[in-house]
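Fair warning: this is a prediction, and the values are worked out from it, not measured in the lab.
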Amino acid sequence: ELIRPLLRGLMLDEQRHYDHPQLSEEQIEHDIATAPGPRFTGENIILAARAAGKVVGLCWCVLFNPGTGLEAEVAEVYVEAAFRSQGIGGRLLREAVQLFRQRNVTFAAVWTRENNPQAVRLYEEAGFRRTEQLVLTWLPLPGR
């Protein structure tokens with residue numbers, strides 16, 4: 001109960017910084033009616049593409065609810081080299097986005113390297129957009 005006002009303020013203040021549908025105060029109240037639990041679980045869904053009698057591509061999706069609505073991540077997309085440039089990756093990503101819509105995902109993300117223009121193009125063609133959000137990472141490297 002003590003954190004609810006802070007969650008409300010956070011959600012109201014932060015959403016205006018992003019170009020996505022804004023939640024009403026009533027929607028936010030509904031979402032924070034119960035405090036986030038100490039744990040949450042997720043779901044792995046792997047979409048596969050077949051050709052020549054075998055699986056030649058995959059799109060690994062992770063769905064989870066941290067307590068603020070169902071979120072998703074495209075963890076990996078991979079197509080065997082001999083089957084690239086045939087639209088397989090794009091079809092897999094369109095299927096992933098359809099899954100996200102069916103499951104009422106409130107936020108989805110995909111991570112890639114800036115120096116991987118093929119992947120960036122593929123994700124943007126599937127509807128993912130660059131955001132103004134800065135992503136910082138922490139890796140457990142020796143000496144850190």
Side-chain angles (χ1 to χ4, degrees), residues 3-4 6-142 144:
I3 66 166
R4 205 166 280 131
L6 293 172
L7 287 174
R8 181 184 309 106
L10 170 68
M11 293 175 80
L12 282 170
D13 289 349
E14 282 301 305
Q15 72 174 349
R16 65 186 170 88
H17 294 287
Y18 301 102
D19 185 24
H20 62 71
Q22 304 290 293
L23 297 175
S24 68
E25 287 190 47
E26 293 78 24
Q27 290 169 310
I28 290 173
E29 284 300 326
H30 177 267
D31 288 350
I32 63 171
T34 57
R39 292 183 180 82
F40 62 90
T41 59
E43 187 179 352
N44 286 306
I45 298 173
I46 299 179
L47 306 171
R50 296 178 191 273
K54 65 178 188 168
V55 175
V56 297
L58 68 87
C59 179
W60 176 6
C61 303
V62 179
L63 283 79
F64 55 95
N65 186 339
T68 56
L70 189 62
E71 298 185 9
E73 177 180 340
V74 174
E76 301 291 343
V77 174
Y78 182 77
V79 176
E80 282 190 20
F83 293 90
R84 292 181 187 155
S85 299
Q86 297 178 25
I88 294 171
R91 284 194 303 274
L92 287 166
L93 278 168
R94 285 190 298 277
E95 217 30 61
V97 169
Q98 183 176 344
L99 170 70
F100 299 160
R101 285 190 176 114
Q102 289 170 347
R103 298 288 293 275
N104 295 316
V105 166
T106 61
F107 170 84
V110 63
W111 315 97
T112 193
R113 298 179 320 277
E114 186 74 37
N115 66 352
N116 188 349
Q118 297 89 349
V120 172
R121 180 179 42 77
L122 187 69
Y123 298 133
E124 288 179 337
E125 287 174 358
F128 289 86
R129 298 288 173 254
R130 297 169 193 240
T131 66
E132 52 285 327
Q133 202 166 27
L134 173 65
V135 176
L136 305 172
T137 59
W138 177 90
L139 299 172
L141 301 175
R144 276 190 164 176

- Item | Heavy-atom pair with the smallest gap, counting every atom of A96 and L47 | N-CD1, 3.6 Å
- To the nearest 0.5 Å, atom CZ of F107 lies from atom CD of E73 at 9.0 Å
- Task: Would you name the heavy atoms of A126 and L93 that are closest together and state the gap between them?
- Result: CB-CB, 3.7 Å
- Residue set satisfying side chain to side chain contact (heavy atoms under 4.5 Å, CB included) with F64, at least two apart, ordered chain then number -> F40, V62, P66, E71
- Item | With R84 via salt bridge (charged side-chain N to carboxylate O under 4.0 Å, His left out) - residues at least two apart | none
- Residues that E76 engages under salt bridge (charged side-chain N to carboxylate O under 4.0 Å, His left out), provided they are two or more places apart: none
- Item | Rounded distance [0.5 Å steps], CG in L6 versus CG in D13 | 10.5 Å
- Message: Rounded at 0.5 Å granularity, tell me how far CE in M11 sits from CD in Q27.
- Response: 9.5 Å
- Message: Run L99 and L63 through side-chain contact (heavy atoms from CB on, under 4.5 Å) and show every step you take.
- Response: CA-CA 10 Å; L99 170 70; L63 283 79; 4.3 Å; yes
- Those residues at least two apart in sequence (or on a different chain) that pass side chain to side chain donor-acceptor pair (under 3.5 Å) with E43 are R103
Under 3.5 Å donor-acceptor pairs involving side-chain atoms of residues 113-123, not counting sequence neighbours:
residue : atom : partner : partner atom : Å
R113    : NE   : N115    : OD1          : 3.1
E114    : OE2  : R130    : NH1          : 2.9
N116    : OD1  : A119    : N            : 3.3

- Message: Using the rule given for side-chain contact (heavy atoms from CB on, under 4.5 Å), can you reason through V74 versus W111, listing the C-alpha separation, both sets of side-chain angles and the distance that settles it, and then say yes or no?
- Response: CA-CA 8 Å; V74 174; W111 315 97; over 6 Å; no
- Message: Quick check against the 3.5 Å criterion: does R8 have a side-chain atom that pairs as donor or acceptor with the backbone of I28?
- Response: no
Can you list, pair by pair, the side-chain donor-acceptor contacts under 3.5 Å of residues 50-61, counting residues two or more places apart and other chains?
residue : atom : partner : partner atom : Å
K54     : NZ   : E80     : OE1          : 3.2
W60     : NE1  : N44     : OD1          : 2.9

- Counting only heavy atoms not in E25, do more than 12 fall under 6.0 Å of its CD? no
